[in-house]
Structure formats: C-alpha cells, structure tokens
Participant: 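My questions will all concern the structure given below.
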Amino acid sequence: MANAFTLAWTHSIERVRWEEVWRVEGEALVLQTVRVRGHGAGMEPPPGAVLQDGVWVWHPGTRHTLLRLTRSEHTADYDWCDEAGACHPLAALLPSDGGVTELRACTMPAAAVRGPSY
C-alpha cells in the first residue's frame, strides 16, 4: 500500500519525460506535482509553471476518485516510483492487456491489504 507515488513515462511523440507525484488523501488521489522535461505537442506548461534546471514544474492540487492510464503495447509502459524513490515498470506490479488500467485510492485498513507494499 502506498500513501504517495510517482507515475512517470516518456511522451510517445515528443520523447520527453513526464512525472506526476500523487498522494492518497481519504478516497481521493491528489495530483500534487507535475514535472516535464521539455514541452511540445499537447504538453504546454500551464500558467504558473516554473522552469527549474530545464524541467517545468507545477502543482495542480487536483483531486481524482479515478485515474485512468491508457497502456499500449506500442509505447513504453509507465514507471511506478514509491515514496523512497525506487522505480519499477508498472507492468511488474499490474500486468496490462494493452487497454486501460484504473487506479483508485484504497479504503481498506492497511492490515487488511495483502501482497507486496509499493
């Protein structure tokens, strides 16, 4: 179980690294920070974004009950990074059929969750 995690991927057209830092808050996933190592097709930084050492950074703070990740066999998968900074291909944690993977905040008590803690 994770209280925070980072999803990272390389944009399929621009070949630019995109990272989103998420935290679990009750039944919501909160998009805390976005870091993009460049800009291009559909990747323009929003007003308020700051360029830090070649990386655009902004803090949306948006809340989501559901996060839908489109995963394709034609592009590299997401990286899942835990709070300690260890990263794994998402497929190592959640196999994909090339469709959509849905993420939600887990409302189960930590003691009831089985399996590896990422």
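Just so we're clear, the structure is a prediction, and the values are computed from it rather than from any experiment.
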Participant: Please give me the minimum heavy-atom distance between Pro60 and Val34, naming the atom from each residue.
Facilitator: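 Closest approach of Pro60 to Val34, heavy atoms only: CG-CG2, 3.8 Å.
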Participant: So how far is it from Leu90 CG to Arg71 CZ, rounded to the nearest 0.5 Å?
Facilitator: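 With rounding to 0.5 Å, CG (Leu90) is 4.0 Å from CZ (Arg71).
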Participant: Of the non-hydrogen atoms in Gly26 and Ala105, which two are nearest, and what is the gap between them?
Facilitator: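 Closest pair (atom of Gly26, atom of Ala105, distance): O-CB, 3.7 Å.
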Participant: In terms of hydrophobic clustering (I, L, V, M, F, W, Y; side-chain heavy atoms under 4.5 Å; direct or indirect links), are Val21 and Val57 co-clustered?
Facilitator: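 In one cluster with Val21: Val57, no.
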Participant: When the ring planes of Trp18 and Trp9 are compared, do they come out parallel, tilted or perpendicular, using 30° and 60° as the limits?
Facilitator: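 Aromatic pair Trp18/Trp9 classed parallel.
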Participant: Are Trp80 and Leu94 connected in the hydrophobic side-chain network, where two residues link if heavy atoms are under 4.5 Å apart?
Facilitator: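 In one cluster: yes.
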Participant: Once you round to the nearest 0.5 Å, how far does CG of Leu31 lie from CZ of Arg63?
Facilitator: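 Interatomic distance, Leu31 CG to Arg63 CZ, rounded to 0.5 Å: 12.0 Å.
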Participant: CZ/Arg68 to OG1/Thr101 distance, rounded to the nearest 0.5 angstrom?
Facilitator: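 It is 10.0 Å, given to the nearest 0.5 Å.
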Participant: Do Val30 and Trp22 share a hydrophobic cluster, counting only Ile, Leu, Val, Met, Phe, Trp and Tyr and linking them when any side-chain heavy atoms are less than 4.5 Å apart?
Facilitator: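 Cluster IDs for Val30 and Trp22 differ.
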Participant: Treating Ile, Leu, Val, Met, Phe, Trp and Tyr as nodes and any side-chain heavy-atom pair under 4.5 angstrom as an edge, say whether Leu7 and Leu29 lie in one connected cluster.
Facilitator: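 Shared cluster, yes.
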Participant: Once rounded to the nearest 0.5 Å, what's the spacing between atom CZ of Phe5 and atom CG of Asp79?
Facilitator: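 Taking CZ in Phe5 and CG in Asp79, the distance rounds to 13.5 Å.
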Participant: Under 6.0 Å from the CD atom of Glu27, do we count more than 12 heavy atoms belonging to anything else shown?
Facilitator: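 Atom CD in Glu27 is not packed in, count stays at 12 or less.
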Participant: Please report the interatomic distance OH(Tyr78) to OG1(Thr6), rounded to the nearest 0.5 Å.
Facilitator: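 Separation between the atoms: 14.0 Å.
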Participant: Walk me through whether Glu19 and Val55 qualify under side-chain contact (heavy atoms from CB on, under 4.5 Å).
Facilitator: CA-CA 10 Å; Glu19 300 171 351; Val55 178; over 6 Å; no
Participant: From Asn3 CG over to Glu25 CD, what is the distance, rounded to the nearest 0.5 angstrom?
Facilitator: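 Asn3 atom CG to Glu25 atom CD measures 11.0 Å (nearest 0.5 Å).
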Participant: Is Trp58 close to Val36 at the side-chain level, that is, under 4.5 Å between some pair of heavy atoms?
Facilitator: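 Of all side-chain heavy-atom pairs linking Trp58 with Val36, at least one is under 4.5 Å.
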